[in-house]
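If you read the sequence from its start, that first residue is 1, and numbering goes on from there. Counting starts at 1 for both ligands and their atoms, in listed order.
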Amino acid sequence: MVAATLQNDTFLRALQRQPVSYTPVWLMRQAGRYLAEYKQTRSTAGSFLGLAKNPDFATEVTIQPLDRFPLDAAILFSDILMIPDAMGLGLDFVNGEGPRFARPLRTEDEINKLAVPDMNELRYVFDAVSQIRSTLNGRAPLIGFAGSPWTVGCYMVEGQSSADYRTIKTMLYTQPELLHKILDITAQTTTQYLNEQIRAGAQAVMIFDSWGGALADGLYQQFSLAYMKQVCDGLLREYNGQKIPVIVFTKGGGLWLEDIVTTGCDAMGLDWTVNLGKARARVNDAVALQGNLDPMSLFGSEASVRQEVRRVIDDFGPVGKGGHVFNLGHGISQFTNPERVAALVDEVHTYSRKMHG
Ligand SMILES: Cc1c2[nH]c(c1CCC(=O)O)Cc1[nH]c(c(CCC(=O)O)c1C)Cc1[nH]c(c(CCC(=O)O)c1C)Cc1[nH]c(c(C)c1CCC(=O)O)C2
């Protein structure tokens, strides 16, 4: 396949801290239930997994938010839990209750049997990536992604979402070597998985460490950061002559920004607890920053959404040698009014121009 020329490289340039004329914007979970057209496609597909495992449907829903809003990047429609599913843990999504694994990892025996799966088990993901890339036809760059080994490990051990991470933390404090084994195999798998996404056409990749912030200082570095670094070290950083920027996002990682830079990432995601101006000073513009509007701010009025957007852009300040990609501090809520998203994107594109050049 001969790739179409990218018509909007603002996002890729900002990640690499190159000059741009406005701040690019995309939103975590931009394809999803707050869009009526997503709910429509999902009901045709029958379930979330039916949607995500079918490249035609995955392509359709990946592009839906770009048809509505002038977003500067598309993100592969998939989930961080496809890796443990391919490892044989048996993923299901129970309506209204979130993900469930039929065979969570608890015993030493189960953990000793864990292995890096054949990447063919995840072929539907790579097929979706190449189909999305050709359907986008250069309209915007495509982001590939995976969860961090720690975050994916939380679901593998807990078997579902958890409020207190009691099962995995019990393992961490009582049998750390078992947990290290899970994390190492997951990191090896994640490296291969992201590299396959890159070969299929992903133009940037993001590692979602949604639950890194649940770890104590010291343990975060050992059980989450170290494995994200292992993944980053193994990634193709250039493919077909194009740089492939890497974004690392630890939700709740505001106290560890300097540590996150040591993964060798190009950009860092930030939640809403961090001030962007202070964050850039702390990392001395060594990486680009992505974030950090509170997703709940979208429940305000149009005027307040525009005001909050300006506040985030003002916090970052004149971009200079830095790089800013506007985003939320976490995924968009399914109850969000799409009109507020339209206002957000419009305000980022217009107001940010004064910070560039
Ligand atoms: C922790 C995590 C998961 N998945 C993901 C994370 C990390 C990011 C974060 O912290 O939000 C990542 C993810 N999940 C999904 C994407 C798609 C790309 C995008 O638009 O950003 C991405 C990047 C689709 C999805 N993944 C899921 C949905 C909702 C499924 C549906 O249609 O019912 C979507 C659109 C399901 C999912 N998947 C997961 C949970 C806990 C749930 C249930 C919660 C919920 O229902 O919102 C695990």
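Among pairs with a residue in residues 337-357, those fulfilling ring pair (Phe, Tyr, Trp, His ring centres under 6.0 Å) read Y22-H349, at least two apart in sequence or across chains. Applying the ring pair (Phe, Tyr, Trp, His ring centres under 6.0 Å) test to residues at least two apart or on different chains, the pairs with a partner in residues 180-205 are F126-Y193, H180-F223, H180-Y227. Applying the ring pair (Phe, Tyr, Trp, His ring centres under 6.0 Å) test to pairs two or more places apart or on separate chains, those with a residue in residues 229-264 are Y220-W256.
Ring planes of Y155 and W211: tilted class, angle from 30 to 60°. Ring-plane geometry between F77 and Y38 is classed as tilted, the angle between the planes lying from 30 to 60 degrees on a 0 to 90 degree scale.
Using a 4.5 Å cut-off on side-chain heavy atoms (C-beta onward), D184 and Q230 make contact.
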What does the contact table look like for ligand 1 (nitrogen or oxygen on each side, cut-off under 3.5 Å)?
unit_1	atom_1	unit_2	atom_2	d
ligand 1	4 (N)	R29	NH2	3.4
ligand 1	4 (N)	D79	OD1	3.0
ligand 1	4 (N)	D79	OD2	3.4
ligand 1	10 (O)	S210	OG	2.5
ligand 1	10 (O)	H330	NE2	2.6
ligand 1	11 (O)	H330	NE2	3.3
ligand 1	14 (N)	R29	NE	3.3
ligand 1	14 (N)	D79	OD1	3.0
ligand 1	20 (O)	Q30	N	3.2
ligand 1	20 (O)	A31	N	3.2
ligand 1	21 (O)	R29	N	2.7
ligand 1	26 (N)	D79	OD1	2.7
ligand 1	32 (O)	Y38	OH	2.5
ligand 1	32 (O)	R42	NE	2.6
ligand 1	33 (O)	R42	NE	3.2
ligand 1	33 (O)	R42	NH2	2.7
ligand 1	38 (N)	D79	OD1	2.7
ligand 1	46 (O)	R33	NH1	3.2
ligand 1	46 (O)	R33	NH2	2.8
ligand 1	47 (O)	R29	NH1	3.2
ligand 1	47 (O)	R33	NH2	2.6

